[in-house]
Amino acid sequence: MQQTFSVPFPNCCYPIPNQFRYHHPLLKRPKSINLCLSNNQTHFTNICALTLTPTISVTKLQEKNNEDNNPSPDRDPSFFLQFYSCLHTKHANNQDPETQNQEQEEEPREGKTKKAKGLFTNMWWAHLKAALGQRFNLEGIVSSAMVVVKDRKLALPHVSVPDIRHIDWVELHRRGFKGVVFDKDNTLTAPYSLKLWGPLGSSLERCKSVFGADIAAFSNSAGLYEYDPDGSKARALEGVIGIKVIRHRVKKPAGMAEEIEKHFGYKSSQLIMVGDRPFTDIIYGNRNGFLTILTEPLSLVEEPFIVRQVRKLETFLVNRWFRRGLKPPSHSLFSDDMLCIKDPPPL
């Protein structure tokens with residue numbers, strides 16, 4: 001039997017070799033650690049204190065064999081790599097894969113929900129503005145006030161008829177006019193309706209046969225970007241009445257005629273503006289050089305109370321100015337309005 005014996009270690013301090021020091025790039029660099037062996041005790045500075053009983057109980061050959069067969073994890077750098085990798089992965093994820101997948105799936109859903117809410121809110125606000133704006137035309141009020149004060153003749157039409165059945169389209173075309181622009185509400189349809197007023201069908205078809213494709217609608221409801229942002233009203237009206245609805249950004253009577261001229265390819269002086277409101281359709285047409293034709297409203301039942309009162313005021317002012325001898329702006333292609341008016345055909 002081999003004799004075993006124990007001897008005390010001398011008081012000394014041995015630094016840990018650099019090859020056993022491993023620092024993960026994402027973890028804080030630890031302080032240097034020295035291994036101190038003193039009076040049969042081993043101290044790991046700044047970490048822990050362990051009391052050992054140092055004895056020599058194996059031979060040098062056994063120590064060599066043990067080191068070859070069972071290397072210590074403390075001396076194997078791969079052990080530290082695996083240990084710190086696990087720590088880093090757990091710290092970065094801090095949750096299981098199923099929770100991560102659920103959050104990744106919820107993020108697109110939340111984005112879609114927010115987008116849908118925003119779209120719904122925008123559409124709701126657009127419809128509300130359309131309902132209020134069609135009943136309260138701030139631009140029309142400001143423009144009308146300027147006309148009343150400075151240039152009243154802009155509100156006077158070149159021709160006045162009960163409805164479009166009284167217009168002689170052939171005579172107007174013969175005089176050199178190239179196209180016709182219609183207002184929608186109470187000119188072609190009932191207020192806020194997308195259906196053609198029944199009795200006007202034959203006259204509209206006659207207009208199409210004379211002017212061909214050079215006919216369009218220009219309305220403050222259908223086709224106006226502010227109140228018809230997706231163009232659904234414009235497309236619906238086009239499908240019913242069979243004529244193009246011009247999309248535009250500025251509400252009548254404000255704005256210029258570039259969008260209309262671009263659509264037709266003609267100057268505004270070669271076009272006819274037909275509408276039922278003196279202070280919107282007629283002012284817009286006269287200001288931009290159209291021939292203007294004023295029709296009576298098709299129906300007052302669907303109109304709001306305030307619109308009916310404003311219409312009465314407009315009619316009163318226009319009739320008064322005509323009686324005082326005011327004339328509409330002159331037009332190079334037009335001289336006698338009676339030649340353009342005819343009796344309506346029988347129903």
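Open room surrounds CZ on R206; 12 or fewer heavy atoms of other groups in view lie less than 6.0 Å from it. The number of heavy atoms from other shown groups lying within 6.0 Å of CZ (R320) does not exceed 12.
The minimum heavy-atom distance linking A234 with A222 is given by the pair N-CB, 4.1 Å. Smallest separation of non-hydrogen atoms from C207 and V180: SG-CG2, 4.0 Å. Across all their heavy atoms, I215 and K208 have their closest contact at CD1-CA, 3.4 Å. A pairwise comparison of heavy atoms in C340 and E171 identifies SG-CG, 4.3 Å as the closest pair. P157 and T292 get closest at one heavy-atom pair: CA-OG1, 3.4 Å. P253 and F279 make their closest contact through CG-O, 3.6 Å (heavy atoms, listed as atom of the first residue, atom of the second, distance).
Tracing side-chain contacts under 4.5 Å through hydrophobic residues (I, L, V, M, F, W, Y), one reaches I164 starting from L237; they form part of the same cluster. Cluster annotation: I272 and V181 are assigned to distinct hydrophobic clusters (Ile/Leu/Val/Met/Phe/Trp/Tyr, side-chain heavy-atom contacts under 4.5 Å, transitive). Residues V161 and I282 fall into different hydrophobic clusters, defined by Ile, Leu, Val, Met, Phe, Trp and Tyr side chains chained together at heavy-atom separations under 4.5 Å. In the hydrophobic clustering of ILVMFWY residues, with side-chain heavy atoms under 4.5 Å counting as a link, L194 and L298 come out together. Hydrophobic clustering, with ILVMFWY side chains joined whenever heavy atoms are under 4.5 angstrom apart, keeps V159 apart from F290.
Residues L313 and Q309 are not in side-chain contact: their nearest non-hydrogen atoms beyond the backbone lie 4.5 Å or more apart. Side-chain contact between R311 and L300 is present, with at least one heavy-atom pair separated by less than 4.5 Å. Side-chain contact check for H158 versus I293: every heavy-atom pair is 4.5 Å or farther apart. Between P329 and L154 the shortest side-chain heavy-atom distance falls below 4.5 Å. At least one side-chain heavy atom of S221 sits less than 4.5 Å from a side-chain heavy atom of D185. Here the side chains of L326 and R152 are in contact, with some heavy-atom distance below 4.5 Å. The side-chain heavy atoms of L271 and F264, taken from C-beta on, include a pair separated by under 4.5 Å. You'll find the side chain of D168 stays beyond 4.5 Å of the side chain of I341, heavy atoms only.
In this structure, Y284 and F218 have parallel ring planes: the angle between them is below the 30° cut-off, well short of the 60° mark.
Using a 4.0 Å cut-off between charged nitrogen and carboxylate oxygen, E238 and K244 count as a salt-bridge pair. A salt bridge is absent between E259 and K262: the closest approach of a Lys/Arg side-chain nitrogen to an acidic carboxylate oxygen does not fall below 4.0 angstrom. For the pair E314 and R277, the salt-bridge criterion is met [side-chain N within less than 4.0 Å of a carboxylate O].
Using a distance-only test at 3.5 Å, with no hydrogens or angles considered, no donor-acceptor pair links the side chain of R165 to the main chain of S203. Within the 3.5 Å criterion, the main-chain N or O of K233 finds a donor-acceptor partner in the side chain of D228. A side-chain donor-acceptor contact under 3.5 Å links N186 to the backbone of S299. Between the side chain of K184 and the backbone N or O of S193 there is at least one donor-acceptor pair closer than 3.5 Å. Remark: side-chain polar atoms of D214 are not paired, donor with acceptor, to backbone N or O of G179 under 3.5 angstrom.
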**Request:** Please step through side-chain contact (heavy atoms from CB on, under 4.5 Å) for the pair L188 and W197, ending with a clear verdict.
**Result:** CA-CA 6 Å; L188 294 178; W197 188 263; over 6 Å; no
**Request:** Evaluate side-chain contact (heavy atoms from CB on, under 4.5 Å) for K178 paired with K267, printing each intermediate quantity in order.
**Result:** CA-CA 9 Å; K178 302 297 184 180; K267 294 181 179 180; over 6 Å; no
**Request:** Carefully, step by step, assess K327 and L156 under the rule side-chain contact (heavy atoms from CB on, under 4.5 Å).
**Result:** CA-CA 7 Å; K327 300 292 183 182; L156 305 180; 5.8 Å; no
**Message:** Let's go through H173 and W169 carefully: what are the C-alpha distance in whole Å and the side-chain angles of both, what is the deciding distance for side-chain contact (heavy atoms from CB on, under 4.5 Å) to 0.1 Å, and is it a yes or a no?
**Reply:** CA-CA 6 Å; H173 187 266; W169 302 114; over 6 Å; no
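For F334 and F177, the ring centers sit 6.0 Å or farther from each other.
Note that CZ of R308 and CD of E302 are 10.0 Å apart. Values are rounded to the nearest 0.5 Å. Distance check, rounded to the nearest 0.5 Å: CG of L200 to CD of E205 gives 11.5 Å. Taking CZ of R249 as the reference point, atom CG of L224 lies at 10.0 Å (rounded to 0.5 Å). How far CZ of R287 is from NZ of K252: 13.0 Å, rounded to the nearest 0.5 Å. Interatomic distance, OG of S160 versus CD of E296, reported as 9.0 Å (0.5 Å rounding). For the atom pair S269 OG and L291 CG, the distance stands at 10.5 Å (nearest 0.5 Å).
Between T187 and D276, the side chains place a donor N or O and an acceptor N or O closer than 3.5 Å (distance only, hydrogens not considered). Between the side chains of N288 and S268, no donor N or O sits under 3.5 Å from an acceptor N or O.
Applying the side chain to side chain contact (heavy atoms under 4.5 Å, CB included) test between D183 and each of T189, D281, N220 identifies D281 as the sole match.
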